[in-house]
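Structure record follows, encoded as structure tokens.
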Number of protein chains: 2
Amino acid sequence: MTGIRDLARHLDISIGTVSRALNDKPDVNQDTKSKVLKAAAELGYVPNQAGRALSKGRTNVIGFVLQTDSEGMMQGDLFFIRVFDGMQSVLTQHGLNLVALLSPSTVDPETYLKQIVARRFTDALVLSSIHRNDARISYLSDQNLPFATLGRSLTDVGQPWLDLDFDGVVEDAIRRLIAKGHSKIALALPRSDLNLRHIMVESYRRNLAKSGIEVNEDFIVETDAGDNGGVTLVHDLIELQPRPTAVIYSDHILPFGIYRGLAENGLTPGQDLSIIGVGTRLASLLTPNLSHYRFNLFDLGVQIAEALLPTMQDRPFSDPNKIIRESVPYTFIDGDSIQDMT
Amino acid sequence: MTGIRDLARHLDISIGTVSRALNDKPDVNQDTKSKVLKAAAELGYVPNQAGRALSKGRTNVIGFVLQTDSEGMMQGDLFFIRVFDGMQSVLTQHGLNLVALLSPSTVDPETYLKQIVARRFTDALVLSSIHRNDARISYLSDQNLPFATLGRSLTDVGQPWLDLDFDGVVEDAIRRLIAKGHSKIALALPRSDLNLRHIMVESYRRNLAKSGIEVNEDFIVETDAGDNGGVTLVHDLIELQPRPTAVIYSDHILPFGIYRGLAENGLTPGQDLSIIGVGTRLASLLTPNLSHYRFNLFDLGVQIAEALLPTMQDRPFSDPNKIIRESVPYTFIDGDSIQDMT
DNA sequence: ACAAGAATCGTAAACGTTTACGATTTGCTT
DNA sequence: AAGCAAATCGTAAACGTTTACGATTCTTGT
């Protein structure tokens, strides 16, 4: 409630000096500087957000734009908190505040984004759930609002972006499966236009070809977004001719459905179908143990924030469009859901 | 980028009239009103957030304060999105914007909250993860910042609050278990000072007593926050003398660990240990089917927002401190994780 | 045609902060 | 002691919007 004028009156100095003292400007006496800081702490003065934003033209607020799919679900619901925390850990050190934004399910995500931008509500944005042709990217570029994306797109404009190395995951998974004698390897991905999906499909094709295995288009299957997507997936897989002996997945919930679907058919994970993909902490609750890749999501948040910062200081992003997909560390957790075929 | 002065110049009328037209004030001609709206749409004018906030003294921003536990986990990580969406669906109709706030793990949640409040960043707050003695409540009350809480506390000050009826869930669960012949019923709750925990414990004691069953203190067990909390829980339970035949839980991840823990000991869910509690969509992926209560979280969001709104218009909350815990609907999903003992 | 009231609009102050500019004081050099 | 630069501070404008107030025009009843 106490404003800067209260503070100035209380100290019997001018408003301008108080402001300069608080912002640690050079042309103010050290004595008064500390006196002001002391009084500010005592009176519990905190600068008013709106006043400061209007004067400086910057809000010190960064928006983390979350996206839900058509069913109101979010792929990254369990990811989100960690990434947010990582981002915030670096942003707070620069006096910036992070907020999560979620477009209402009743409103088109694009118009929601435009509202945010036009109101100048944030100094910068971080976009998630990047689509293959993501119109938001060129839009933000036109509005010259600093932003970064968690994921790349065909419409990239040189903004800093960061991707989890799902490409590498597929490559490594295929290598592991082949080493265990698998050749009939399916790829199960949720139906969507996320660029991640395309990246994984391409990696799948490329790495199978590299190993001299012909791609069976039937082995690339779309899974339902629903919770028993895994169950129906299993039903689909076991009807294929020939029947795949392994499946690579990306949705961290899916394996639970797969396990269930296998059980319903009297099959056991690993033995009758090898399963490998990217998971979260939930994965360690499956029996038999699920083989999966786990990313350091806090680190993802840290890195995207650090990539975003320079673009906010009118310094261009140091290394524009640098491919940094390998930079987020992940570990492979070797479970029993992959079986040796030999 | 276009401001209200651009708009005024373009239409050759005064700034004041433009503002009044946009805000649909009565003392402006219908013709000019529509002319202004048209031009605003064409030029893509959206009022600047900071300017408006400074002038009106209100930001039109509502903050949803999320809390993580000591491990950086959030009990409601899967809940969050739905609740957020529900809140936003009603708030947008009143021109209000919802943002999610998460205190950095490096910063004390209380000081983080004080920053938010003192900066007048939001018009109102919704608090979650309410503790038994939650200091934030009296603090917000002192700052007379409108707020509501998802959960009640001993320190309530008459703010609107809403609780999921975990009390009723425990009551119903005990009734069902007793009807199936159970009498050695355990209660497994995560270690925390959330008020929810106390409510469930009290309900547990009360309803067991009502049924003439003596409370065995050993049956109230604390679970680890970690992911294999369920596994260790099982190890704890099967060593008890006498050994409980059923367990009531609240953490939606826990059953996965319980199932695994039972499997490790050659036991099967339902048959050797009946399991019932509150779950999310994940629950339907367990085999055998998990008996659980599922809440309508979107509705929870809608209701808390509707309760918050009147307090923001200087109208006091219509029915202060009204107990509305029964108002969020939930359904019981009957699975095979409860077995008949008779 | 005239006065009174209603309708409509322009003017300017206000919100809380930052910052360019100029004024005053201080300290140093000779 | 005079002069100059550096240090320190006060003044006032500016950010973009809202709104109280007053001024002007329009309508209406006589």
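A note on names: the letters A, B, ... follow the listed sequences, proteins ahead of strands, and every chain is numbered from 1. Scope of the values below: all heavy atoms of this structure, side chains included, with no hydrogens, waters or symmetry mates.
Here B/Asn195 contributes atom CG and B/Ser129 contributes atom OG; the two are 12.0 Å apart, rounded to the nearest 0.5 Å.
If you take CG of B/Leu11 and C1' of C/dG10, they are 15 Å apart, rounded to a whole angstrom.
Every residue two or more places apart in sequence or in another chain that forms a salt bridge (Lys or Arg N to Asp or Glu O under 4.0 Å) with B/Lys38 is listed here: B/Glu42. With sequence neighbours excluded, the residues that form a side chain to side chain donor-acceptor pair (under 3.5 Å) with A/Ser14 are A/Thr17. Partners of A/Ser192 according to the side chain to side chain donor-acceptor pair (under 3.5 Å) rule, which considers only residues two or more places apart in sequence or in another chain, do not exist here. A/Asp299 pairs by the salt bridge (Lys or Arg N to Asp or Glu O under 4.0 Å) definition with nothing, not counting sequence neighbours. A search for side chain to side chain donor-acceptor pair (under 3.5 Å) contacts involving B/Thr122 returns nothing, not counting sequence neighbours. Residues satisfying the salt bridge (Lys or Arg N to Asp or Glu O under 4.0 Å) test with B/Asp24, not counting sequence neighbours, are B/Lys33.
Sorted by first then second residue, the ring-ring contact (aromatic ring centres under 6.0 Å, His included) pairs that include residues 83-114 of chain A, not counting sequence neighbours, are A/Phe80-A/Phe84. Sorted by first and then second residue, the side chain to side chain donor-acceptor pair (under 3.5 Å) pairs with a member in residues 49-60 of chain B read A/Arg119-B/Gln49, B/Thr59-B/Asp123; sequence neighbours excluded.
Between A/Asp85 and A/Arg82, none of the side-chain N atoms (NZ, or NE/NH1/NH2) sits under 4.0 Å from a carboxylate O, so this pair counts as no salt bridge. Electrostatic pairing of A/Lys25 and A/Asp27 does not count as a salt bridge here, judged by no charged N lying under 4.0 Å from a carboxylate O.
The stretch residues 111-122 of chain A has no heavy atom under 4.0 Å from DNA chain C, so no residue of it qualifies as close.
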Distances for protein N/O vs nucleotides 5-9 of chain C N/O pairs under 3.5 angstrom?
{"unit_1": "C/dC9", "atom_1": "OP2", "unit_2": "B/Asn29", "atom_2": "N", "d": "2.8"}
{"unit_1": "C/dC9", "atom_1": "OP2", "unit_2": "B/Thr32", "atom_2": "OG1", "d": "3.1"}
{"unit_1": "C/dC9", "atom_1": "N4", "unit_2": "B/Asp27", "atom_2": "OD2", "d": "3.4"}

Below 3.5 Å is the cut-off: list the nitrogen or oxygen pairs between protein and nucleotides 15-17 of chain D, distance only.
{"unit_1": "D/dC15", "atom_1": "O2", "unit_2": "A/Leu54", "atom_2": "O", "d": "3.3"}
{"unit_1": "D/dC15", "atom_1": "O2", "unit_2": "A/Ser55", "atom_2": "N", "d": "3.2"}
{"unit_1": "D/dG16", "atom_1": "N2", "unit_2": "B/Gly51", "atom_2": "O", "d": "3.3"}
{"unit_1": "D/dT17", "atom_1": "OP1", "unit_2": "B/Tyr45", "atom_2": "OH", "d": "2.8"}
{"unit_1": "D/dT17", "atom_1": "OP1", "unit_2": "B/Asn48", "atom_2": "N", "d": "3.0"}
{"unit_1": "D/dT17", "atom_1": "OP2", "unit_2": "B/Ile4", "atom_2": "N", "d": "2.6"}
{"unit_1": "D/dT17", "atom_1": "O5'", "unit_2": "B/Tyr45", "atom_2": "OH", "d": "3.4"}
{"unit_1": "D/dT17", "atom_1": "O2", "unit_2": "B/Ser55", "atom_2": "OG", "d": "3.1"}

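Each end of the helix from C/dA1-D/dT30 to C/dT30-D/dA1 gets its own axis from five base pairs, and the two axes differ in direction by 40°, given to 10 degrees.
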### Task
Would you check, one step at a time, whether the test side chain to side chain donor-acceptor pair (under 3.5 Å) holds for A/Gln159 with A/Thr149?
CA-CA 7 Å; A/Gln159 85 283 3; A/Thr149 58; 3.0 Å; yes

